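Only one structure is covered here, and it is reproduced in the block below.
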Amino acid sequence: MATFSALVTGASRGIGRGIAVELGQLGARVAINYVRDATAAAEALTLVRAAGGDGFIVQGDVALAPDRERLVAETFNRFGRLDLLVNNAGIATMVRGDLLEAGEESLDRQFAVNLKGPFFLSQLVAKRLLAQVRDAGGLRGRIVNITSISAYAASSNRGDYCMVKAGLAMMTKLFAVRLAEDGINVYEVRPGVIATDMTSPVKEKYDKLILEQGIAPIRRWGRPEDVGRAVRAIAEDRFPFSTGAVFDVDGGFHLHRL
Ligand code: NAP
């Protein structure tokens, strides 16, 4: 069987890197996308190789159509086929602040990177996957979207992020419905608070919420590999009869408690 091949956006650092390394442990080839930090992307590739996989690094801004085209073309040129797209690349809100003062620039950027990018990347990849033969399990491919607890938990000081993550959750359902008959399963992985560069500016606040107040029943920060393992399970086809499913990787944050 051909080596499992994956494209992970924003895989140079944080959660995306954690996903790439877990896929490396499966012996997968991983296209490691980044936008600015080539050094971090090269480090991620070294870790993927050390884990038992291989791949290459590829620069590209998911918000830009020509970059998305190039990203996908290069991945298919190198690998010949693709088994998994992980829409992970994402950015935090520009400035946290009162919803009544929230500006257009941050919302436009949120939309471009966190929702428009994954939408058109999924569209591009799906069209290519349709031309692939089904694998032994009957699938042509898989798409995973990394959303957030912010898809349903309202943080009024960064409403733009919450709105686009809610949109990405709906996007998962839309592609799942459209592609099910074609042998392409689509999943949402919904992380809680994970220790990465994205959350380091608010570390003290979240230390209090997680460790002292216990906002989630499992009182610890999430780690990139927690998310990576969920994606790895999808890559291993542990859920062949599931599509559009949501996997909460959040220490139980989503549970209502009394
Ligand atoms: P991070 O540490 O800030 O890493 C972001 C990654 O995305 C980097 O690899 C970065 O590349 C890349 N990236 C940023 N903008 C990009 C663009 N326009 N095109 C392509 N790549 C881009 O973030 P993270 O915490 O790992 O977050 C990853 C995903 O998980 C995001 O979608 C985020 O919303 C989601 N998430 C995070 C948390 C959390 O607590 N951390 C919780 C829930 C969901 P460079 O290295 O080149 O800058």
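Residue indices begin at 1 and follow the sequence shown. Both backbone and side-chain heavy atoms feed into the values below; hydrogens, waters and symmetry mates do not. Predicted, not measured: the structure shown is a model, and the values here were computed from it. Counting convention: from 1, in listed order, for ligands and their atoms alike.
- Ile91 and Leu71 fall within the same hydrophobic cluster, where Ile, Leu, Val, Met, Phe, Trp and Tyr residues are linked whenever their side-chain heavy atoms come under 4.5 Å apart, directly or through other members.
- For atom 17 (C) of ligand 1, the nearest non-hydrogen atom of the protein is Asp61 OD1, 3.7 Å.
- Ligand 1 places these atoms under 4.0 Å from at least one heavy atom of Thr199: 39 (C), 40 (O), 41 (N).
- Near Gly14, with a cut-off below 4.0 Å to any heavy atom, the atoms of ligand 1 are 2 (O), 26 (O).
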(message) If you apply the rule side-chain hydrogen bond (donor to acceptor under 3.5 Å, both in side chains), what do you find for Asn33 with Thr9, and how did you get there?
(response) CA-CA 5 Å; Asn33 160 248; Thr9 64; 4.8 Å; no
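- Under the 4.0 angstrom criterion for non-hydrogen atoms, Gly192 is in contact with ligand 1.
- Applying the 6.0 Å contact sphere to CD1 of Ile218 captures no more than 12 heavy atoms from other residues, nucleotides or ligands.
- Looking at Gly16, Gly18, Gly90, it is Gly90 that brings a heavy atom closest to atom 14 (C) of ligand 1.
- No side-chain N or O of Asp37 forms a donor-acceptor pair with one of Ser12 less than 3.5 Å apart.
- For atom 39 (C) of ligand 1, the nearest non-hydrogen atom from the set Val202, Ile194, Asn88, Thr9 comes from Ile194.
- Contact between Asp67 and ligand 1 is absent, with no heavy atom of the residue lying under 4.0 Å from the ligand.
- From the protein, the heavy atom lying nearest to atom 26 (O) of ligand 1 is Ile15 N, 2.8 Å.
- When the heavy atoms of Gln59, Arg36, Arg17 are ranked by distance to atom 47 (O) of ligand 1, first place goes to Arg36.
- Salt bridge annotation for Asp226-Arg220: present, with a cationic side-chain nitrogen under 4.0 angstrom from a carboxylate oxygen.
- Note that CZ of Arg142 is 4.5 Å distant from CZ of Phe4, once rounded to the nearest 0.5 Å.
- Nearest protein heavy-atom neighbour of atom 27 (O) of ligand 1: Met198 CE, 3.9 Å.
- Using a cutoff of 4.0 Å between basic side-chain nitrogens and carboxylate oxygens, Asp61 and Arg68 are not scored as salt-bridged.
- To the nearest 0.5 Å, the span separating CD1 on Ile143 from CD1 on Ile234 amounts to 12.0 Å.
- Listed by chain and residue number, nothing satisfies the ring-ring contact (aromatic ring centres under 6.0 Å, His included) test with Tyr206 (two or more places apart in sequence, or in another chain).
- Looking from atom 24 (P) of ligand 1 to the surrounding protein, the closest heavy atom is Thr196 OG1, 3.6 Å.
- Closest to atom 34 (O) of ligand 1 among all protein heavy atoms lies Tyr161 OH, 2.6 Å.
- Against a heavy-atom cut-off of under 4.0 Å, Thr147 is close to the following atoms of ligand 1: 35 (C), 36 (N), 43 (C), 44 (C).
- Between Asp54 and the choices Arg49, Arg29, Arg78, the salt bridge (charged side-chain N to carboxylate O under 4.0 Å, His left out) rule is met once, by Arg49.
- Shown in contact with Ile146 at under 4.0 Å from a heavy atom are these atoms of ligand 1, numbered in order with element: 30 (O).
- Residue-to-ligand polar distances keep Pro191 apart from ligand 1: every N/O pair is separated by 3.5 Å or more.
- Ser122 and Asn87 are linked by a side-chain donor-acceptor pair at a separation below 3.5 angstrom, with hydrogens and angles left out of the test.
- Scanning the protein heavy atoms around atom 11 (O) of ligand 1, the nearest turns out to be Ser12 OG, 3.3 Å.
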(request) Step by step, work out the salt bridge (Lys or Arg N to Asp or Glu O under 4.0 Å) result for Asp197 and Arg17. (result) CA-CA 12 Å; Asp197 293 343; Arg17 182 191 280 202; over 6 Å; no
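- Taking a cut-off of under 4.0 Å to the non-hydrogen atoms of Val113, the atoms of ligand 1 that pass are 18 (N).
- Residue, atom and distance of the protein heavy atom nearest to atom 7 (O) of ligand 1 are Gly10 CA, 3.4 Å.
- Residues Tyr34 and Gln59 meet the side-chain proximity criterion, which asks for heavy atoms closer than 4.5 Å.
- The shortest N or O to N or O distance between Val35 and ligand 1 is below 3.5 Å.
- Heavy-atom separations between Gly60 and ligand 1 include at least one value shorter than 4.0 Å.
- Protein heavy atom in closest approach to atom 48 (O) of ligand 1: Arg13 NH2, 2.8 Å.
- Under 4.0 angstrom from ligand 1, the non-hydrogen atoms of Asn33 all belong to its side chain.
- Some N or O of Lys165 is nearer than 3.5 Å to an N or O of ligand 1, by distance alone.
- Proximity of Asp248 to Phe253: side-chain heavy atoms (C-beta onward) are nowhere separated by under 4.5 Å.
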